[in-house]
Protein chains: 4
Amino acid sequence: MPREVRERQMLDAAVEVFARRGYRAASMDEIAELAGASKPLVYLYLNSKEDLFGACVRREADALKASVRAAIEPDASADDRLWHGLRAFFTHTAEHPDGWAVLSCQARTNGEPAAPVADELRQEMVGLVTRLIAATAAEGAGGDGSAALAGHEASGLAHALVGAAESLAGWANTRTGAVPSAKETAATLMNVAWVGLENLRGGRRWTHAARP
Amino acid sequence: MPREVRERQMLDAAVEVFARRGYRAASMDEIAELAGASKPLVYLYLNSKEDLFGACVRREADALKASVRAAIEPDASADDRLWHGLRAFFTHTAEHPDGWAVLSCQARTNGEPAAPVADELRQEMVGLVTRLIAATAAEGAGGDGSAALAGHEASGLAHALVGAAESLAGWANTRTGAVPSAKETAATLMNVAWVGLENLRGGRRWTHAARP
Amino acid sequence: MPREVRERQMLDAAVEVFARRGYRAASMDEIAELAGASKPLVYLYLNSKEDLFGACVRREADALKASVRAAIEPDASADDRLWHGLRAFFTHTAEHPDGWAVLSCQARTNGEPAAPVADELRQEMVGLVTRLIAATAAEGAGGDGSAALAGHEASGLAHALVGAAESLAGWANTRTGAVPSAKETAATLMNVAWVGLENLRGGRRWTHAARP
Amino acid sequence: MPREVRERQMLDAAVEVFARRGYRAASMDEIAELAGASKPLVYLYLNSKEDLFGACVRREADALKASVRAAIEPDASADDRLWHGLRAFFTHTAEHPDGWAVLSCQARTNGEPAAPVADELRQEMVGLVTRLIAATAAEGAGGDGSAALAGHEASGLAHALVGAAESLAGWANTRTGAVPSAKETAATLMNVAWVGLENLRGGRRWTHAARP
DNA sequence: GATGAATGAGGGTTCATTCAT
DNA sequence: CATGAATGAACCCTCATTCAT
């Protein structure tokens with residue numbers, strides 16, 4: 001069996017086991033067995049548990065980024081791009097629950113080699129969403145470019161949106177039951193985002209004092 | 001030294017170590033040493049690592065729930081209650097980063113005894129927020145109770161809100177740097193929530209088709 | 001069983017196994033079993049294989065030094081001191097063949113932590129012998145202090161003597177058969193040393209040219 | 001490339017690696033790589049690590065013996081033969097430090113297949129030196145064959161000489177610094193040997209009682 | 001002959017946990 | 001209660017060795 005194939009099987013198995021057990025509790029024995037290979041072969045191809053984990057995180061992060069990017073048509077309107085990006089995000093995380101678990105839970109809790117990759121993924125997502133929100137706002141502003149969104153507001157909204165998306169994706173994967181489906185969640189988020197934009201652009205804000 | 005005090009010290013130490021190292025990497029030796037107690041005593045009081053972890057999760061979940069509940073005055077307006085609840089949530093998680101790390105990261109990744117507790121906490125939070133949103137919507141609807149929010153929409157919004165809150169709380173604890181402060185984050189979320197409500201109540205929705 | 005006793009048993013076992021198998025081939029399992037303790041206890045007391053090896057080398061080096069030093073009466077004549085030192089050396093190495101095997105073979109072949117200890121032991125022995133030879137020469141010189149031994153000649157002789165002693169000690173331990181006994185060897189060496197001194201002091205040297 | 005050449009390359013590499021790392025720590029991977037051959041070929045030619053080690057020891061022992069023998073002219077005087085033999089010994093060990101390290105350190109500590117070869121080498125050396133010493137003594141005895149050396153004394157001296165030579169050779173290879181050069185060492189040993197012979201032949205002995 | 005794929009066996013190390021004092 | 005002594009079980013990792021191509 002060619003190396004490439006074996007290596008992919010190993011990564012698949014590792015992602016599954018890391019997701020199920022956590023980094024520390026995952027044993028190389030279990031990963032090797034699930035991959036249908038012997039332990040020394042895993043070490044030959046992937047060097048160490050740490051490297052294997054790093055490879056998993058990188059692969060999953062790249063795959064998620066690729067899914068989201070592929071869903072966004074560069075020439076579409078901003079809110080269309082946001083919508084398709086969100087849908088792709090939820091679809092991908094729903095289809096790769098283990099990968100998402102590794103990215104969202106394990107990568108950030110298990111130190112040096114993997115954490116930066118997860119951080120980078122998140123920053124990229126937030127940056128992407130921030131740009132899309134800003135673009136949406138600009139488009140919507142129409143003729144008078146007057147009240148486009150302040151930069152930090154777009155960023156705050158993006159953080160909230162990504163946070164909500166991340167958390168909901170994990171929640172949907174963890175819990176089986178009355179949890180909104182991926183599409184519904186995307187719609188809700190889209191509503192919040194779009195609708196929030198409308199109001200923010202219109203200068204309408206909630207303040208504590210404003211309410212009796 | 002009375003048992004209650006000792007036990008609290010142990011839990012404090014355990015939460016700190018579990019947060020810093022993760023469940024598996026945390027060692028009973030380190031916990032006992034940090035607690036200033038002997039290892040056999042830890043076992044006498046808390047039986048096993050698993051039980052100790054469970055006790056930590058329960059205690060931290062209860063404390064967070066108590067903080068949020070205490071911040072909500074039953075007679076205040078709905079959006080005031082939501083505002084104070086959110087602020088309390090962010091304040092508490094910022095003041096107990098280790099506890100929050102255990103609840104949000106460790107509890108959900110480390111199997112049977114702790115995961116249900118974390119799940120329950122989240123459901124409670126979502127339920128609380130859903131009720132507050134529904135109440136807000138009802139209040140705002142004023143005379144004509146016409147377009148009050150559909151139940152599943154309130155629930156979806158609540159999920160998004162709680163997800164965003166959770167993720168942002170973790171993010172604020174993890175990252176040092178240009179991250180919105182707890183108060184700013186609460187304000188952003190409040191804005192999104194309120195503003196989302198306004199539009200949803202007004203029947204304004206985003207739909208894919210609505211855009212050319 | 002008190003820690004001190006256990007620790008000595010462990011060192012005894014370790015010296016035996018290291019001598020028999022060599023550093024790398026020695027297994028902590030075998031050492032622990034021979035010591036009558038469990039492996040974790042060995043690690044608790046002695047940290048690691050490397051540290052254990054270092055402790056063995058240090059202990060055996062100290063014991064050998066102590067034996068030789070104890071045999072030398074400070075007020076005796078120089079050649080008497082040399083004689084007793086040599087006898088003590090051969091007696092000790094014959095009584096502790098494993099210790100000597102570790103010092104002479106393993107310590108110098110197995111890297112950083114132990115090699116310096118073995119080097120130091122050897123330098124100390126050579127220094128001691130050099131001083132004794134010089135003292136013997138001075139004593140023997142009688143009234144005219146004229147032709148006392150040149151320093152580098154004493155040192156050369158000392159190196160040769162120690163080298164011979166070391167190698168013969170190892171040889172006597174390794175091979176069973178027609179090998180001179182410890183006492184005979186000491187006598188031979190003593191003869192060579194004393195007799196070499198006589199000639200060197202008398203200016204008699206061997207040179208290649210001197211012989212047709 | 002003919003088998004003979006390849007095999008020599010393998011042995012060269014193996015000697016180097018065995019000397020540097022020790023028998024156990026040496027890896028067949030490193031040896032094969034250093035030899036510029038594939039691992040299966042190493043196994044095809046030399047069967048196993050043990051056999052490879054044995055072949056190394058045998059080759060190095062034979063080479064050393066050959067060097068020493070070649071340096072000895074059968075018709076020269078006995079002490080001339082001793083002198084040239086010693087010089088050849090020190091020259092060879094200085095020029096093949098790895099080989100000497102394998103012979104003197106590794107071969108004797110690593111069990112069955114190699115130890116006898118090293119033992120045999122040493123016995124041969126001691127026998128050779130014993131014969132040379134006896135011959136020297138006989139020559140020097142001149143007209144009156146009275147006080148020729150007792151056999152066990154020649155043997156004792158030979159053991160000491162070989163021991164000193166071995167140890168000093170190893171010492172010179174190991175330590176860099178103020179260590180006597182090969183030639184100086186040979187001269188010192190020669191002095192000791194010759195000078196010892198003179199006295200022994202003259203009936204002068206050191207005895208403990210002889211000194212007050 | 002060379003290469004890549006593959007593994008059984010074993011070694012160093014750690015840890016949760018117990019028990020006598 | 002606190003302490004020290006003690007361990008079974010597992011985990012990460014390596015290596016000599018083989019076989020098909």
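Lettering follows sequence order; numbering is per chain, from 1. Computed from a prediction, not measured in an experiment: that's the story for all the values here.
Electrostatic pairing of D29(C) and K39(C) counts as a salt bridge here, judged by a charged N lying under 4.0 Å from a carboxylate O. With respect to the salt-bridge test (charged N to carboxylate O, under 4.0 angstrom), the residues R20(C) and E16(C) qualify.
For R6(D) and dA2(E), the shortest distance from a side-chain N or O to OP1 or OP2 is below 4.0 Å. Within the structure, every side-chain polar atom (N or O) of R3(B) is placed at least 4.0 Å from both OP1 and OP2 of dC1(F).
By the 4.5 Å heavy-atom criterion applied to side chains, E166(D) and T93(D) are not counted as neighbours. F18(A) has its side chain out of reach of D98(A): every pair of non-hydrogen atoms, C-beta onward, lies at least 4.5 Å apart.
Evaluation of the salt bridge (charged side-chain N to carboxylate O under 4.0 Å, His left out) rule for K65(A) yields E120(A), E124(A) as partners, not counting sequence neighbours. Residues forming a salt bridge (charged side-chain N to carboxylate O under 4.0 Å, His left out) with R3(C) (at least two apart in sequence, or on another chain): E7(C). For the side chain to side chain contact (heavy atoms under 4.5 Å, CB included) test, residues two or more places apart in sequence or in another chain that qualify with T109(A) are C105(B), Q106(B).
Distance, E33(C) CD to dT7(F) C1': 15 Å, rounded to whole Å. What separates CG of L44(C) from P of dG12(E) is a distance of 18 Å, to the nearest Å. Computed from coordinates, the E4(D) CD to dG1(E) C1' distance equals 18 Å when rounded to whole Å. In this structure, CG of D51(B) is placed 14 Å from P of dA16(E), rounded to the nearest angstrom. Nucleotide dA6(F) holds its P atom 7 Å from the CE atom of M10(C), rounded to whole Å.
Looking only at distances, no side-chain donor or acceptor of R122(B) sits under 3.5 Å from a matching main-chain atom of V117(B).
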I need a per-nucleotide contact map over nucleotides 14-21 of chain F, read 5' to 3'. Cutoff is protein heavy atoms under 4.0 Å; write B for the base, S for backbone only, - otherwise.
BBSBBB--

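Map P2(B) and A37(C) each onto its nearest nucleotide of DNA chain F; the residue landing nearer the 5' end is P2(B).
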Using a 3.5 Å cut-off and no angle test, enumerate the donor-acceptor pairs between side-chain atoms of residues 45-56 of chain D and protein atoms at least two apart in sequence or in another chain.
{"from": "S48(D)", "atom 1": "OG", "to": "E50(D)", "atom 2": "N", "distance (Å)": "3.4"}
{"from": "S48(D)", "atom 1": "OG", "to": "D51(D)", "atom 2": "N", "distance (Å)": "3.1"}
{"from": "K49(D)", "atom 1": "NZ", "to": "Y23(D)", "atom 2": "O", "distance (Å)": "2.9"}
{"from": "K49(D)", "atom 1": "NZ", "to": "R24(D)", "atom 2": "O", "distance (Å)": "3.3"}
{"from": "K49(D)", "atom 1": "NZ", "to": "A26(D)", "atom 2": "O", "distance (Å)": "2.8"}

For DNA chain E, the dot-bracket notation using Watson-Crick and G-U wobble pairs below 3.5 Å, [ ] for pseudoknot-type crossings and | for other-strand pairs, is .||||||||||||||||||||

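Nucleic acid contact for L41(B): sugar-phosphate only, since backbone atoms but no base atoms lie under 4.0 Å from a heavy atom of the residue.
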